[in-house]
Amino acid sequence: MLTNNFTLDVKSVASFPLHDMFGIQLGSQAVHLPFYINMDFDQLGASQVLPA
């Protein structure tokens, strides 16, 4: 868990309306339990699987 004081700034995006969908308030907010995730993976090319 991170130990500094952090804030989260939630912006309004028309393609994903967080407030309308989940009730998340827009604007600057205090972060109470901040954590950091480092993910490392490769995205392979897409392929189509046809039924036999």
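Predicted model only: the values in this text are computed from it and were never measured.
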Ignoring hydrogens and angles, write down the donor-acceptor pairs under 3.5 Å from the side chains of residues 38-48, residues two or more places apart or on other chains.
none

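Smallest separation of non-hydrogen atoms from S28 and D9: N-OD1, 3.6 Å. Between P17 and A14 the shortest heavy-atom distance is CD-O, 3.8 Å.
Residues V10 and F22 fall within the same hydrophobic cluster, defined by Ile, Leu, Val, Met, Phe, Trp and Tyr side chains chained together at heavy-atom separations under 4.5 Å. A single hydrophobic cluster is seen to contain both F16 and I24, as judged by linkage of ILVMFWY side chains at heavy-atom distances under 4.5 Å, directly or through other members.
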Run the numbers on L8 and F6 for side chain to side chain contact (heavy atoms under 4.5 Å, CB included), then give the verdict. CA-CA 7 Å; L8 172 67; F6 291 93; over 6 Å; no
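Note that CG of L18 and CD of Q25 are 11.0 Å apart. Values are rounded to the nearest 0.5 Å.
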